[in-house]
2 protein chains.
Amino acid sequence: MNRKISEADIYRSTLKGIYHQGYKSTTMRAIAADIGIEAATIYNYVDSKEQLLETLLFEIADKFLEGVIHIDESSYAPLDKIKQFVALNINLSRSYPYQVSLLVNEWRHLKSNKQEKFLAHRKAYEDIVAKIIQEAIDCGDLRDVHVDILKNTILSAVRWLFSWLPENKEKINPVEMEKHILELILNGISK
Amino acid sequence: MNRKISEADIYRSTLKGIYHQGYKSTTMRAIAADIGIEAATIYNYVDSKEQLLETLLFEIADKFLEGVIHIDESSYAPLDKIKQFVALNINLSRSYPYQVSLLVNEWRHLKSNKQEKFLAHRKAYEDIVAKIIQEAIDCGDLRDVHVDILKNTILSAVRWLFSWLPENKEKINPVEMEKHILELILNGISK
DNA sequence: GTCTATAATTCGATAGAC
DNA sequence: GTCTATCGAATTATAGAC
């Protein structure tokens with residue numbers, strides 16, 4: 001064994017860097033220094049900096065799309081599908097908080113064709129979410145509000161977890177947390 | 001009059017650039033080209049690129065802090081303060097969507113001392129929000145949930161507007177929109 | 001597989017002519 | 001006030017020794 005590092009070390013360091021400083025500010029030198037090698041060595045594992053972002057980005061995007069497809073294809077009632085969807089977001093944000101953060105902004109740094117691929121991927125994901133929401137409206141389980149407003153409010157209401165969970169010292173009981181968030185989204189903040 | 005452009009042109013172009021590509025990818029040359037001048041000319045109006053970001057960032061941060069202070073100091077009941085707070089977010093996101101977007105991530109590109117200033121500013125803002133929420137819990141108007149979960153869910157639930165409103169073709173009636181969003185946050189998505 | 005050295009580019013910012 | 005020209009630093013990526 002004459003390997004100083006592994007490919008996983010590079011991806012882990014890249015992810016940490018992008019999460020804290022953003023893609024552009026995370027230099028190959030900084031990634032290398034973080035794991036104790038020189039920048040040139042990275043190119044023995046990956047082709048380019050963009051490939052690092054691309055891999056990390058589509059890996060987590062696939063998990064979201066797969067998850068929502070499975071929920072959609074399940075036999076749950078529409079409202080229960082939405083509950084499952086919120087749970088999916090909480091679980092992925094808990095398991096992969098750093099990677100989830102990439103989905104918000106960093107896709108802009110992909111080159112044109114990869115960027116289009118990502119946006120198509122995201123559209124497929126959001127279309128399924130919108131479809132589930134529409135079904136829940138149609139069967140009278142959800143408020144009859146403009147579907148975009150409903151969709152974005154739901155999506156947005158769980159988009160703070162990826163930045164909060166890593167810093168959360170108290171380590172709130174995850175089952176309790178999910179219960180509370182679900183309650184807030186389904187039945188509102190007011191008592 | 002021998003001025004080709006104005007300071008406002010520079011800030012407007014900078015803001016548009018950062019909104020679409022991020023601070024690091026928005027070069028002084030690109031800003032200049034967008035308004036039909038050379039990059040060097042910008043330095044006749046501002047000292048540095050960071051000054052552009054700093055000005056735009058604190059300008060909008062001040063509006064949020066001022067707004068929430070006025071709400072807190074008003075004679076509204078706690079729950080009504082929260083309604084006012086949601087309305088404040090919707091109004092600022094509508095009036096300054098590009099600038100609001102800066103608050104999410106771009107503050108990371110400020111230099112250390114300005115970054116600390118921003119974070120102190122943001123903490124003051126969120127502390128007031130937390131205080132209002134706690135008061136509303138105490139008087140029995142809000143669900144008795146961990147205040148961080150409540151705060152982040154509310155803050156997050158209106159954080160999609162700045163990116164959605166500029167692209168919203170249908171131009172939904174703003175009064176109607178505010179009513180619906182308020183309803184979703186206060187009473188939940190389920191009917 | 002990792003290193004040193006460096007090529008090629010791009011960026012923020014300045015100097016000085018007009 | 002705006003321009004051309006350019007400096008100096010930083011970046012991604014490659015070449016080649018070991």
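Nothing here was measured: the structure is a model prediction, and the numbers come from that model. Below, chain A is the first sequence line, B the second, and so on; all start at residue 1. FYI, side chains are in, hydrogens and waters are out, and symmetry mates aren't considered; it's all heavy atoms of this structure.
- Between A:Y45 and C:dG1, a side-chain N or O to OP1/OP2 separation shorter than 4.0 Å is absent.
- Atom P of nucleotide C:dT14 and atom CD1 of B:I42 are separated by 13 Å, given to the nearest angstrom.
- Going from atom CE of B:M28 over to atom P of C:dC11 covers 12 Å, rounded to whole Å.
- Regarding contacts with the backbone of D:dT11, every side-chain N or O of B:K24 stays at 4.0 angstrom or more from both OP1 and OP2.
- Candidate nucleotides C:dC3, D:dT11, D:dC3 were compared by shortest atom distance to the side chain of B:A40, and D:dC3 ranks first.
- Phosphate proximity of C:dG1 to A:T41: absent, as no side-chain N or O sits under 4.0 Å from OP1 or OP2.
- Atoms CD1 (B:I37) and P (D:dT2) sit 7 Å apart, rounded to a whole Å.
- A:Y76 and A:L65 sit in two unconnected hydrophobic clusters of ILVMFWY residues. Membership requires side-chain heavy atoms under 4.5 Å apart, directly or through other members.
- The aromatic rings of A:H121 and A:F58 stand perpendicular to each other, their planes meeting at an angle above 60°, with 30° marking the opposite boundary.
- Side-chain atoms of A:Y43 lie closest to D:dA13 of the nucleotides C:dT2, D:dT4, D:dA13.
- Between B:R3 atom CZ and D:dG1 atom P the separation is 5 Å, expressed in whole Å.
- Using a 30° and 60° split on the angle between ring planes, A:W164 and B:H146 fall in the perpendicular class, above 60°.
- The distance between atom CD of B:Q51 and atom P of C:dA13, rounded to the nearest whole Å, is 10 Å.
- Taking atom NZ of A:K49 as the reference point, atom C1' of D:dT11 lies 8 Å away to the nearest angstrom.
- Look at B:K131 and B:D72 and you find a salt bridge, because one of the NZ, NE, NH1 or NH2 atoms lies within 4.0 Å of a carboxylate O, short of that distance.
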